[in-house]
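It should be emphasised that the depicted structure is a prediction, and the values quoted were computed from it without experimental measurement. Residue indices begin at 1 and follow the sequence shown.
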Amino acid sequence: MEVEVKIRGLMLDPNTNQPIVVLQDLAGDRVIPIWIGGAEAQAIAFELEKHVPPRPQTHDLMRNLVIGLNASLCKIVVTELKDDSFYAVLWFDRQGQIISLDSRPSDAFALALRLDCPMFIDESVLKSSSISSQDRNAQTREMLERFSDEDFGPHKM
């Protein structure tokens with residue numbers, strides 16, 4: 001079963017300075033942190049801020065390819081958590097043909113934001129990775145639980 005999520009914001013892990021994309025299920029009771037790379041965090045932040053770069057960035061190119069090929073991105077799904085790595089699938093519709101492609105979640109989020117597409121996480125991944133059941137660094141977990149929308153600054157939805 002898939003649970004729809006939204007990007008609540010971006011933040012830096014206080015211990016590693018690695019970017020974290022913070023997801024929240026639409027019911028609002030679970031928060032899911034996913035550690036991502038700096039370039040992907042910037043791509044997500046640009047779209048959250050509606051910043052238009054002077055030249056297309058990688059995810060802008062991907063959006064243009066999808067549109068140019070007369071396809072649509074139906075949804076993205078975070079499907080698996082294996083060996084501390086998340087996996088995602090992009091679901092496209094091209095003239096009635098459904099196509100699925102493997103993706104890193106960070107790239108999937110950046111593209112989904114650009115194409116205004118719904119984002120989901122598999123219930124089993126949600127259960128194993130949400131704050132309520134996650135066994136990650138306690139300091140980071142406590143900080144995420146304390147954050148309000150204002151704490152995310154311009155990187156919130």
J.: Could you check if a side-chain atom of L115 sits within less than 4.5 angstrom of a side-chain atom of L111, using non-hydrogen atoms only?
T.: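 Yes, close enough: below the 4.5 Å cut-off.
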J.: Going from SG on C117 to CZ on F92, what distance comes out if it is rounded to the nearest 0.5 angstrom?
T.: 8.5 Å
J.: Please report the C-alpha distance between V22 and M11 in whole Å, then the side-chain angles of each, then the deciding distance to 0.1 Å, and finally whether the side-chain contact (heavy atoms from CB on, under 4.5 Å) criterion is met.
T.: CA-CA 8 Å; V22 181; M11 61 179 286; 3.9 Å; yes
J.: Taking side chain as C-beta onward, heavy atoms only, is F120 less than 4.5 Å from V5?
T.: no
J.: Flag the pair F109 / L23 as yes when at least one side-chain heavy-atom distance between them is below 4.5 Å, and no otherwise.
T.: yes
J.: Do S103 and I76 come within less than 4.5 Å of each other through their side chains, counting heavy atoms only?
T.: no
J.: Just verifying a value: how many Å separate L12 CG and N17 CG, rounded to the nearest 0.5 Å?
T.: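 Interatomic distance, L12 CG to N17 CG, rounded to 0.5 Å: 5.5 Å.
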J.: When you measure from the side chain of D60 to the backbone of Q57, do you find a donor-acceptor pair of N or O atoms at a distance under 3.5 Å?
T.: yes
J.: Check whether any side-chain heavy atom of I121 lies under 4.5 Å from a side-chain heavy atom of I32, and answer yes or no.
T.: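 Answer yes - side chains close enough.
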J.: Is the number of heavy atoms from other residues, nucleotides or ligands within 6.0 Å of CG (D116) greater than 12?
T.: no
J.: In sequence, state the C-alpha distance, the side-chain angles, and the governing distance for D122 and E80, and then conclude on side-chain contact (heavy atoms from CB on, under 4.5 Å).
T.: CA-CA 7 Å; D122 187 270; E80 190 175 6; over 6 Å; no
J.: Are I99 and V66 linked, directly or through intermediate hydrophobic residues, by side-chain heavy-atom contacts shorter than 4.5 Å (ILVMFWY only)?
T.: yes
J.: In Å and rounded to the nearest 0.5 Å, what is the CZ to CD distance from R114 to E47?
T.: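 Going from the CZ atom of R114 to the CD atom of E47 covers 4.5 Å.
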J.: Let me check something: do I67 and L101 share a hydrophobic cluster, defined by ILVMFWY side-chain heavy atoms less than 4.5 Å apart, either directly or through other members?
T.: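 Yes.
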J.: Which atoms form the tightest heavy-atom contact between A108 and L90, and what is the distance?
T.: CB-CD2, 3.7 Å
J.: Using the test side chain to side chain contact (heavy atoms under 4.5 Å, CB included), find all partners of S85 that sit at least two apart in sequence or belong to another chain.
T.: Y87
J.: Is the closest side-chain heavy-atom distance between I34 and I36 below 4.5 Å?
T.: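 In contact.
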J.: Of all the heavy-atom pairs spanning L81 and S128, show the shortest one and how long it is.
T.: CD2-OG, 3.8 Å
J.: With rounding to the nearest 0.5 Å, note down the distance linking CD in Q42 to NE2 in H51.
T.: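 Going from the CD atom of Q42 to the NE2 atom of H51 covers 8.0 Å.
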J.: Ignoring hydrogens and angles, tell me if any N or O in the side chain of R94 forms a donor-acceptor pair with the backbone of L69 under 3.5 Å.
T.: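 Pair found, side chain donor or acceptor close to backbone of L69.
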J.: Testing the basics here: between A88 and R104, what is the closest heavy-atom pair and its distance to 0.1 Å?
T.: CB-C, 4.2 Å
J.: Can you tell me how far CZ of R63 sits from CG of L73, rounded to the nearest 0.5 angstrom?
T.: 12.5 Å
J.: Any side-chain heavy atom of L113 sitting closer than 4.5 Å to one from M119?
T.: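 Yes, close enough: below the 4.5 Å cut-off.
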J.: Thinking salt bridges, do E2 and K75 make one under a 4.0 Å N-O criterion?
T.: yes
J.: If every non-hydrogen atom of E123 is compared with every non-hydrogen atom of R30, which pair is closest and at what distance?
T.: OE2-NH1, 3.1 Å
J.: Roughly how far, to the nearest 0.5 Å, is the CZ atom of R8 from the CG atom of L48?
T.: 13.5 Å
J.: Answer whether the closest heavy-atom distance between the side chains of W91 and V77 falls below 4.5 Å.
T.: yes
J.: State, to 0.1 Å, how close C74 and D93 come at their nearest heavy-atom pair, and which atoms those are.
T.: SG-CB, 3.5 Å
J.: Quick check on the hydrophobic clustering: are V21 and V89 connected, directly or via other members, by side-chain heavy-atom contacts under 4.5 Å?
T.: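 Not linked; separate clusters.
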